[in-house]
Amino acid sequence: MGIPATPVPLLDARNLHKRYGDKPVLRGVDLSIYPGQVKAMLGPSGSGKSTTLRLVNLLERADQGTIEIDGRRLGLVGKPGAERPAPERIVAKQRQVVGMVFQQFNLFPHLNATRNVMSGLTTVRRLPHKDAEERAVAMLKRVGLGAHVHKYPSELSGGQQQRVAIARALVMEPKLMLFDEPTSALDPELVGEVLRVMEDLAREGMTMLVVTHETQFARRVADEVVLFDDGVIVEQQEPEGFFDNPQSERTKEFLRHVH
Ligand SMILES: Nc1ncnc2c1ncn2[C@@H]1O[C@H](COP(=O)(O)OP(=O)(O)OP(=O)(O)O)[C@@H](O)[C@H]1O
Ligand SMILES: [Mg+2]
């Protein structure tokens, strides 16, 4: 038997800094996630959770710090020490490795569920229509929407729309899924169906970074829970310790407000 390989993080973000105007929003965030891991990100409004996801998804650039996915520097090309911004063509490729689901579904209102899910396959991946359609329908079935593949967003409940959005991200075969408060816009009775799809995904081994207020979900599904506060991570540990024996005063205070 050989020596077991050291596991390499799928995502490795180091010392991320970001400011908007003169307001520092991220002040040195380190965040890594191993293949198959689920990390829940908690924290008060404005603490930098969404900004962190936007940097990982290359929707924005960090002022300072590095992000590696699968050992590759995001948004940069060239040898260490001589990196330069990657051309848009490379950035577009790198972005495909990461799927993102937003609070507000962001579906195309003029396309039915199948067309919404297949849009990335035909435009970005340039798959033939028929092939893309088959994959889209299969993915919609996987999220429990086999009976709704021809419906338009306006004909679907919020929970169903969010599952279409999840299917749309998954069909691109991402290595990492980012969720930004995926259930916050839903009526309470629709939250469960979306969380169940996410839990199945986690069980199947997807690597996930989830911003959420659903502490029960975080406790049950996450491997680690992270607390953001004012642009830094103040606590990071496995759920039991995080919720039952938090180390930082800030976490204790946050949990008092949540419960
Ligand atoms: N494009 C922007 N321009 C200016 N300020 C911004 C921009 N995006 C975010 N901010 C500010 O950065 C801070 C962090 O925002 P961010 O969206 O990351 O917080 P969050 O932790 O996701 O909060 P929430 O729980 O409310 O979603 C906030 O003060 C926000 O107002
Ligand atoms: Mg946010």
Side-chain angles (χ1 to χ4, degrees), residues 11-33 38-67 69 74-75 85 88 91 95 98-107 158-159 161-162 165-166 169 174 176-188 190-191 194-195 198 208-219 221-222 224-237 239 242-243 246 248-259:
L11 167 70
D12 197 9
R14 299 268 174 97
N15 195 29
L16 297 180
H17 286 257
K18 179 79 182 169
R19 48 170 67 233
Y20 290 111
D22 57 4
K23 183 182 163 44
V25 170
L26 297 184
R27 303 182 297 126
V29 166
D30 292 317
L31 189 69
S32 60
I33 181 162
V38 176
K39 232 170 227 205
M41 289 164 56
L42 272 52
S45 184
S47 58
K49 307 178 298 292
S50 296
T51 302
T52 300
L53 292 193
R54 285 201 299 273
L55 295 180
V56 172
N57 201 23
L58 283 164
L59 295 171
E60 306 228 27
R61 298 295 177 96
D63 299 331
Q64 197 188 317
T66 59
I67 302 176
I69 291 187
L74 273 195
E88 185 52 36
V91 171
R95 216 177 258 135
V98 180
M100 182 140 176
V101 172
F102 302 88
Q103 181 175 337
Q104 299 292 348
F105 330 137
N106 294 354
L107 298 177
Q161 289 183 62
Q162 190 60 299
I166 293 172
L176 171 66
M177 282 286 286
L178 311 178
F179 293 86
D180 196 351
E181 301 194 36
T183 60
S184 293
L186 299 176
D187 291 337
L190 302 178
V191 168
V194 172
L195 293 181
M198 292 170 61
M208 297 165 48
L209 200 47
V210 185
V211 176
T212 186
H213 298 299
E214 299 288 336
T215 53
Q216 290 308 317
F217 175 83
R219 188 189 270 273
V221 180
E224 276 190 307
V225 184
V226 173
L227 186 76
F228 273 72
D229 188 43
D230 198 16
V232 293
I233 289 177
V234 293
E235 178 139 5
Q236 166 153 237
Q237 59 162 326
F242 184 93
F243 289 110
S248 129
E249 280 310 313
R250 190 65 195 87
T251 309
K252 290 176 195 168
E253 189 193 333
F254 179 79
L255 291 175
R256 269 198 299 276
H257 286 288
V258 171
H259 291 127

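As the structure lists them, so they are numbered: ligands from 1, and atoms in each ligand from 1.
Nearest-heavy-atom check against atom 27 (O) of ligand 1 across E60, R54, E181 picks out E181.
For ligand 1 and S50, the ligand atoms under 4.0 Å from any heavy atom of the residue are 17 (O), 18 (O), 20 (P), 22 (O), 27 (O). Of all the atoms in ligand 1, the ones that sit under 4.0 Å from a non-hydrogen atom of G46 are 13 (C), 14 (C), 19 (O), 20 (P), 21 (O), 23 (O), 24 (P), 26 (O), 28 (C). Taking every heavy atom of K23 and a limit of under 4.0 angstrom, the matching atoms of ligand 1 come to 29 (O).
Heavy-atom contacts from other residues, nucleotides or ligands closer than 6.0 Å to CZ of R14 number 12 or fewer.
Counting heavy atoms from C-beta on, the side chains of Y20 and T51 come closer than 4.5 Å. Here the side chains of V29 and L55 are not in contact, with every heavy-atom distance at 4.5 Å or above. Between L42 and F243 there is a side-chain heavy-atom pair separated by less than 4.5 Å.
A donor-acceptor pair is defined here as one N or O able to donate and one able to accept, closer than 3.5 Å; such a pair exists between the side chain of K39 and the backbone of S32.
Counting protein heavy atoms under 4.0 angstrom from atom 13 (C) of ligand 1 gives one or more. For atom 31 (O) of ligand 1, the nearest protein heavy atom lies 4.0 Å or farther away.
By the criterion of a heavy-atom distance under 4.0 Å, the side chain of V25, and not its backbone, is placed next to ligand 1.
At least one heavy atom of P44 sits less than 4.0 Å from an atom of ligand 1. At least one heavy atom of G48 sits less than 4.0 Å from an atom of ligand 1.
Summary of contacts: the protein heavy atom closest to atom 25 (O) of ligand 1 is K49 NZ, 2.8 Å. Ranking protein heavy atoms by distance to atom 16 (P) of ligand 1, first place goes to T51 OG1, 3.5 Å.
We find that R256 and E253 are not joined by a salt bridge, their nearest charged nitrogen and carboxylate oxygen being 4.0 Å or further apart.
Here S50 meets the criterion, with an N, O or S atom under 2.8 Å of the Mg ion (ligand 2).
For ligand 1, none of its N or O atoms has an N or O atom of H213 under 3.5 Å away.
When the options L53, V56, L176 are evaluated for a side chain to side chain contact (heavy atoms under 4.5 Å, CB included) with M100, the one that passes is L53.
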